[in-house]
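Below is one structure, written out as structure tokens; comments come after it.
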2 protein chains.
Amino acid sequence: MSRRSGILEFAVLGLLRESPMHGYELRKRLNTSLGVFRAFSYGSLYPCLKTLVANGWLIEESGAAGEALAPLAGRRAKIVYRLTADGKEHFEELLSQTGPDAYEDEHFAARFAFFGQTSRDVRMRVLEGRRSRLEERLEKMRASLARTRERLDDYTLELQRHGMESVEREVRWLNELIESERAGRDQQRSASDGSAQQNSTSGESGVLPRRRGSTPPPDASDDTSK
Amino acid sequence: MSRRSGILEFAVLGLLRESPMHGYELRKRLNTSLGVFRAFSYGSLYPCLKTLVANGWLIEESGAAGEALAPLAGRRAKIVYRLTADGKEHFEELLSQTGPDAYEDEHFAARFAFFGQTSRDVRMRVLEGRRSRLEERLEKMRASLARTRERLDDYTLELQRHGMESVEREVRWLNELIESERAGRDQQRSASDGSAQQNSTSGESGVLPRRRGSTPPPDASDDTSK
DNA sequence: TTCGTCATGTAATGGGTTACATGATTAC
DNA sequence: GTAATCATGTAACCCATTACATGACGAA
């Protein structure tokens with residue numbers, strides 16, 4: 001009992017906002033949508049779904065169908081979960097919180113995965129919050145390292161160094177993202193004060209610059225399990 | 001009850017192998033020795049110490065002193081923990097395990113922090129294991145991305161991309177480390193079969209190439225807490 | 001005298017996993 | 001027919017955190 005969570009709950013609401021799904025499929029989506037291999041087991045997912053239903057944020061729909069392109073009637077009776085109006089409202093409230101909680105590792109990744117569903121304002125606050133959180137971290141690490149450098153052996157030191165560089169790298173990433181958001185905002189601003197110009201939906205939506213993305217072997221099964 | 005752990009237990013044994021300590025100090029060392037800010041609270045540390053004592057791996061020494069340079073007798077009665085012979089043996093056994101467990105994130109970081117206390121053979125096996133573990137991960141991520149690319153929005157995709165690059169970066173790091181180890185091994189080998197030459201202790205110890213390390217503000221307090 | 005930090009602990013709670021139980025459907 | 005995968009769940013456990021309780025010591 002009391003199987004609530006925070007991030008799992010949040011992610012489930014977010015995924016169901018896009019479209020109704022049943023548990024089994026949700027679990028797979030959780031593993032791909034959220035950052036690097038954040039997997040959840042059924043042992044936490046199903047109970048979580050129950051409590052979300054109990055809170056009135058989801059409703060169960062016993063009917064089959066569900067999948068796009070599901071042609072045949074047959075299949076098995078699944079429980080399809082759909083977001084209620086309350087659920088949607090709740091999710092949007094969670095998504096718009098820009099407090100310190102949103103800067104922590106797991107939390108931040110989850111927020112980021114649903115950035116497309118919130119405003120640029122919120123995005124920028126969260127990105128900047130995350131960045132300063134990491135910079136605090138770096139300060140502490142540097143200070144701690146300066147104090148203990150002599151006492152630590154080579155491998156510990158190397159671990160420390162690699163860890164710091166990872167954090168520094170994330171800060172650079174955040175800088176790029178913040179730049180992107182700022183650029184999008186300025187563009188939007190100049191478009192609206194220079195009277196209505198061309199352009200379609202460059203307003204609140206994502207404006208990430210496309211990148212090279214490796215796409216080698218188009219194959220393999222969908223699992224994330226052992 | 002039953003507060004055993006795995007990584008905490010392991011790290012405590014490892015730190016106490018270097019020198020006896022009391023709980024409070026141990027907690028601080030845990031936060032700096034292990035990777036990027038892996039903190040443990042007293043709520044897990046103290047119970048862990050108790051079970052380690054119960055297993056005969058540690059003994060409590062009630063005496064004060066302890067700290068190097070602790071001049072005055074005064075102070076308060078601390079419980080200093082010292083590794084027993086059994087404890088040392090147990091730790092070394094744990095340290096020499098090269099099974100798949102040692103390739104997981106947290107586990108690997110902990111192992112790495114104590115690499116200086118094990119053989120080059122073990123180090124190489126663990127590094128290579130970790131690397132292939134990450135490469136499997138990359139395979140799955142690439143495959144999953146290839147399948148779902150269209151369905152995912154920009155931010156989710158960006159999160160995925162950044163995650164993958166982080167993993168790729170760690171693989172490069174491992175490659176460097178493995179190279180270092182290999183170089184050290186070869187050097188040792190050629191030294192021993194070309195009859196005994198100069199050289200002192202280049203045998204089993206760490207052979208990491210020294211790097212540039214930032215050391216800006218030499219200051220700040222020791223905590224890791226909020 | 002009051003505040004920070006040293007120092008040790010416990011109880012309640014949180015948030016997850018593993019292993020188990022069950023069964024239908026599909027692919028070979 | 002038998003293996004894999006789809007599909008839903010529960011009970012037992014694991015490993016940690018938070019908040020609480022207690023108290024000594026040094027410095028302002």
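Only this structure's heavy atoms are used, side chains among them; waters, hydrogens and symmetry mates stay out. A note on names: the letters A, B, ... follow the listed sequences, proteins ahead of strands, and every chain is numbered from 1.
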Exercise for the section: Verify salt bridge (Lys or Arg N to Asp or Glu O under 4.0 Å) between B/Arg161 and B/Glu158, making sure each step is shown before the conclusion. Expected result: CA-CA 5 Å; B/Arg161 196 190 60 75; B/Glu158 178 62 22; 2.7 Å; yes
Problem - B/His22 side-chain proximity, nearest of D/dT17, C/dT8, C/dT17 - result: C/dT8
Exercise for the section: Round to the nearest Å and state the distance from B/Leu45 atom CG to D/dC15 atom C1'. Expected result: 14 Å
Handout entry: Rounded distance (Å) that lies between atom P of C/dG9 and atom NZ of B/Lys78
Key = 14 Å
Practice task
Whole angstrom is fine here: how far is it from CG in A/Leu49 over to P in C/dG15?
Solution key: 16 Å
Handout entry: B/Ser44 side-chain proximity, nearest of C/dA7, C/dG9, D/dT17
Key = D/dT17
Practice task
Specify the separation, in whole Å, of atom CD of B/Glu60 and atom C1' of C/dT8.
Solution key: 11 Å
Fill in the blank from the handout: With five pairs defining each end axis, the helix from C/dT1-D/dA28 to C/dC28-D/dG1 comes out bent, to 10°, by 30°
Exercise for the section: Measure from the side chain of A/Leu8, starting at C-beta and using heavy atoms only, and say which of C/dG16, C/dT10, D/dA7 lies closest. Expected result: C/dG16
Exercise for the section: Please name all residues satisfying ring pair (Phe, Tyr, Trp, His ring centres under 6.0 Å) with B/Phe91, sequence neighbours left out, ordered by chain then number. Expected result: B/Phe10, B/Phe114
Problem - Selection from C/dT8, D/dT8, D/dT17 that lies nearest to any side-chain heavy atom of B/Tyr42 - result: C/dT8
Exercise for the section: Quick one: sort the B/Phe112 and B/Phe108 rings into parallel, tilted or perpendicular, breaks at 30° and 60°. Expected result: tilted
Completion exercise
Applying salt bridge (Lys or Arg N to Asp or Glu O under 4.0 Å) to B/Lys50 and not counting sequence neighbours gives B/Glu60
Exercise for the section: Measure the distance from NE2 on A/His107 to P on C/dG16 and round it to the nearest whole Å. Expected result: 10 Å
Exercise for the section: Calculate the interatomic distance between A/Phe40 atom CZ and C/dT17 atom P; express it in whole Å. Expected result: 7 Å
Practice task
Report yes if a side-chain nitrogen or oxygen of B/Tyr24 is closer than 4.0 Å to either non-bridging phosphate oxygen (OP1 or OP2) of C/dC6; otherwise report no.
Solution key: yes
Handout entry: B/Lys50 side chain near C/dG9 phosphate (N/O to OP1/OP2, under 4.0 Å)
Key = yes
Exercise for the section: Just say parallel, tilted or perpendicular for the rings of A/Phe115 and B/Tyr155, cut-offs at 30° and 60°. Expected result: perpendicular
Handout entry: Residue whose closest nucleotide on DNA chain C lies nearer the 5' end, A/Arg38 versus B/Tyr46
Key = B/Tyr46
Exercise for the section: Tell me yes or no: between the side chains of A/Arg111 and A/Thr118, is some donor less than 3.5 Å from an acceptor? Expected result: no
Practice task
Let me know the distance between CG of A/Leu34 and P of C/dG16, rounded to the nearest Å.
Solution key: 11 Å
Exercise for the section: Using a 4.0 Å heavy-atom cut-off across all strands, classify B/Tyr81 as base, sugar-phosphate, or nothing. Expected result: sugar-phosphate
Practice task
Indicate whether any N or O donor in one side chain lies under 3.5 Å from an N or O acceptor in the other, for B/Arg169 and A/Ser166.
Solution key: yes
Exercise for the section: Write down the distance between CZ (A/Phe10) and P (C/dG16), rounded to a whole number of angstrom. Expected result: 14 Å
Practice task
Select one nucleotide: of C/dG9, C/dG16, C/dT17, the one nearest the side-chain heavy atoms of A/Ile7.
Solution key: C/dG16
